[in-house]
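Naming: A, B, ... by sequence-line order, numbering from 1 per chain.
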2 protein chains.
Amino acid sequence: MQLELSVDRSSPVPLYFQLSQQLEAAIEHGTLTPGSLLGNEIELAARLGLSRPTVRQAIQSLVDKGLLVRRRGVGTQVVHSQVKRPLELSSLYDDLEAAGQRPATRVLVNKLVPASAEVAAALGVAEDSDVHRVERLRLAHGEPMAYLCNFLPPGLFDLDTDQLETTGLYRLMRAAGITLHSARQSIGARAATTAEADRLAEETGAPLLTMQRVTFDDTGRAVEYGTHTYRPTRYSFEFQLLVRP
Amino acid sequence: MQLELSVDRSSPVPLYFQLSQQLEAAIEHGTLTPGSLLGNEIELAARLGLSRPTVRQAIQSLVDKGLLVRRRGVGTQVVHSQVKRPLELSSLYDDLEAAGQRPATRVLVNKLVPASAEVAAALGVAEDSDVHRVERLRLAHGEPMAYLCNFLPPGLFDLDTDQLETTGLYRLMRAAGITLHSARQSIGARAATTAEADRLAEETGAPLLTMQRVTFDDTGRAVEYGTHTYRPTRYSFEFQLLVRP
DNA sequence: TCAATCTGTATGTCCGGACAATCTGACTAC
DNA sequence: GTAGTCAGATTGTCCGGACATACAGATTGA
């Protein structure tokens with residue numbers, strides 16, 4: 001049976017993107033079964049009235065996502081394994097929301113403070129210069145899940161406490177026109193101090209999962225530095241990795 | 001000043017790859033400074049005697065690596081931030097070796113065992129069928145750093161204890177012709193049991209960093225399932241993430 | 001003075017074709 | 001029977017061109 005594919009040339013959506021989305025949907029939906037050959041590019045292009053480079057571009061984007069594997073002389077196959085999504089720069093808020101956990105946020109602190117040496121180094125600003133300090137408690141089902149402490153350089157965008165309570169920090173940044181580009185992360189663990197334990201309803205000395213992150217926008221500016229602690233009984237980092245070819 | 005670029009058409013190395021490597025080296029070396037424009041593609045292609053698609057392919061590969069940013073109507077810029085390497089599917093052995101830590105491995109167990117339900121589900125084999133069980137202690141500077149417990153389906157390759165002591169598991173798999181494709185990881189934390197604490201020279205109840213991982217090859221087979229525990233005072237997961245556009 | 005418009009420039013998308021490299025499977029020779 | 005060889009199939013690389021689109025800065029108008 002042939003897969004039903006078609007493209008709309010009057011649409012402003014690029015042709016290769018239309019095709020890659022349809023293929024991805026077919027894989028997701030199970031119409032294209034794992035291990036099945038995709039059929040050769042030439043014929044596929046002819047069937048759709050597209051050129052081979054356009055078809056290749058569509059296929060390539062799915063190869064980059066890890067959904068397809070190409071083999072010279074063989075063809076293009078759907079990957080067997082259950083690839084869900086290759087690790088993205090995710091926000092805890094979005095993750096929880098996607099998991100249907102209806103996250104809540106309590107803003108504990110939202111003020112300007114002088115940058116410590118550590119924060120200044122991470123954000124690339126002068127020591128003791130003003131930076132935003134935001135402390136938040138993230139809850140799911142009424143239970144505390146994580147304590148988030150973030151520092152942001154001033155003047156980036158308006159840090160409204162009400163907005164911080166109803167959405168995630170990354171979403172606010174994107175809405176403010178900031179193009180996130182990359183982040184440097186560090187995940188570790190340590191025993192909870194008494195203050196940390198109190199905030200997260202754990203006991204002193206209980207194991208905590210920690211994450212530090214500096215996020216950069218596409219101009220190379222550091223736009224956020226965060227120190228987060230998670231309750232390991234409630235949260236763990238799950239992600240899919242791709243081997244870079 | 002113009003960057004010195006050249007391609008060797010007699011080389012079997014693809015032209016776009018030659019170019020991307022030279023550009024990457026120039027960025028690494030500082031010849032191309034962060035924020036500098038790369039010069040437009042048309043002229044670059046003309047200067048090198050290449051076509052624009054080839055130049056674009058070279059540039060695109062560096063954009064995918066996060067080293068360059070393209071802006072329509074503006075040009076292609078070198079990213080400011082200190083991108084080191086976007087998260088790879090790394091092996092602890094390679095990581096330690098790259099950090100100059102001269103890792104040592106002590107193989108505690110290397111035998112065939114019947115697969116438990118958990119292992120069978122992860123590897124996609126029948127329950128109670130034979131699988132390899134490998135337990136290793138990874139040390140750096142004579143200090144235990146991590147306890148690694150791995151399960152592998154039988155018949156993949158020869159699991160030699162001596163080789164396991166002198167190199168990493170991933171390197172052995174690659175050497176055996178297995179093409180690693182993706183992995184599903186989960187990073188968490190928990191308190192050490194007495195047995196775990198003894199192995200890692202920690203105290204019972206001390207926080208441990210945990211990682212579970214299933215690795216797949218390019219045919220979709222699960223080739224390895226691992227449960228690792230790390231001493232958080234000695235090890236943390238550090239990596240760079242890219243925002244997928 | 002400030003805002004809207006225009007224009008140049010650079011990347012984004014798309015085409016059609018050509019040849020090379022590699023894998024699979026069948027055929028052939030020993 | 002086994003190993004080597006060959007042919008077909010399919011992706012990999014590369015070319016040259018065309019037009020669309022978006023951004024930045026200069027120009028123009030109010």
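- Phosphate contact (OP1/OP2 of D:dG17, side-chain N/O of B:Ser51, threshold under 4.0 Å): absent.
- Following rounding to the nearest Å, B:Glu41 (CD) and C:dG12 (P) show an atom-to-atom distance of 6 Å.
- OP1 or OP2 of C:dC15 has at least one side-chain nitrogen or oxygen of A:Arg9 nearer than 4.0 Å.
- Rounding to whole angstrom units, CZ of residue A:Arg56 and P of D:dT13 are separated by 7 Å.
- Residue A:Thr76 places at least one side-chain N or O closer than 4.0 Å to OP1 or OP2 of D:dT11.
- With no hydrogens or angles considered, a side-chain donor-acceptor pair links A:Asn110 and A:Thr161 at under 3.5 Å.
- Note: CG (B:Leu37) to C1' (C:dT9) measures 11 Å, nearest angstrom.
- A donor-acceptor pair shorter than 3.5 Å can be found between the side chains of A:Tyr170 and A:Thr215.
- Remark: B:Thr54 is in phosphate contact with D:dC15, judged by side-chain N or O atoms under 4.0 Å from OP1 or OP2.
- The pair B:Arg52-B:Glu43 does not meet the salt-bridge criterion, since no charged nitrogen lies less than 4.0 angstrom from a carboxylate oxygen.
- Spacing between atom CD of B:Gln77 and atom P of D:dA24 amounts to 10 Å, rounded to whole angstrom units.
- The phosphate of C:dT11 has neither OP1 nor OP2 within less than 4.0 Å of any side-chain N or O from B:Arg71.
- Below the 3.5 angstrom threshold, one finds a donor paired with an acceptor across the side chain of B:Arg52 and the base of C:dT13.
- No donor-acceptor pair under 3.5 Å is formed between the side chain of B:Gln240 and the backbone N or O of A:Gln185.
- As a whole-Å value, the separation of A:Asp8 CG from C:dT13 P is 17 Å.
- Listed nucleotides C:dA10, D:dT10, C:dC14 differ in distance to A:Asn40; the shortest reach to its side chain belongs to D:dT10.
- In this structure, the CD atom of B:Glu43 is 15 Å from the C1' atom of C:dT11, given to the nearest Å.
- Between the OH atom of A:Tyr16 and the P atom of C:dG12 there is a distance of 9 Å, rounded to whole Å.
- Ring geometry for B:Phe151 against B:Tyr225 counts as parallel: the plane angle stays under 30°, on a 0 to 90° scale with 60° as the upper cut.
- What separates CD of B:Gln57 from P of D:dG12 is a distance of 10 Å, to the nearest Å.
- Residue-level contact check: A:Pro14 touches the backbone only, with heavy atoms under 4.0 Å from sugar-phosphate atoms and none from bases.
- Taking for each of B:Arg70 and A:Gly49 the nucleotide of DNA chain C with the nearest heavy atom, the 5'-most of the two is the partner of B:Arg70.
- OP1 and OP2 of D:dG8 both lie 4.0 Å or more from every side-chain N or O belonging to A:Arg72.
- Closest-nucleotide positions on DNA chain D for A:Pro12 and A:Gln60 were compared, and the one nearer the 5' end corresponds to A:Gln60.
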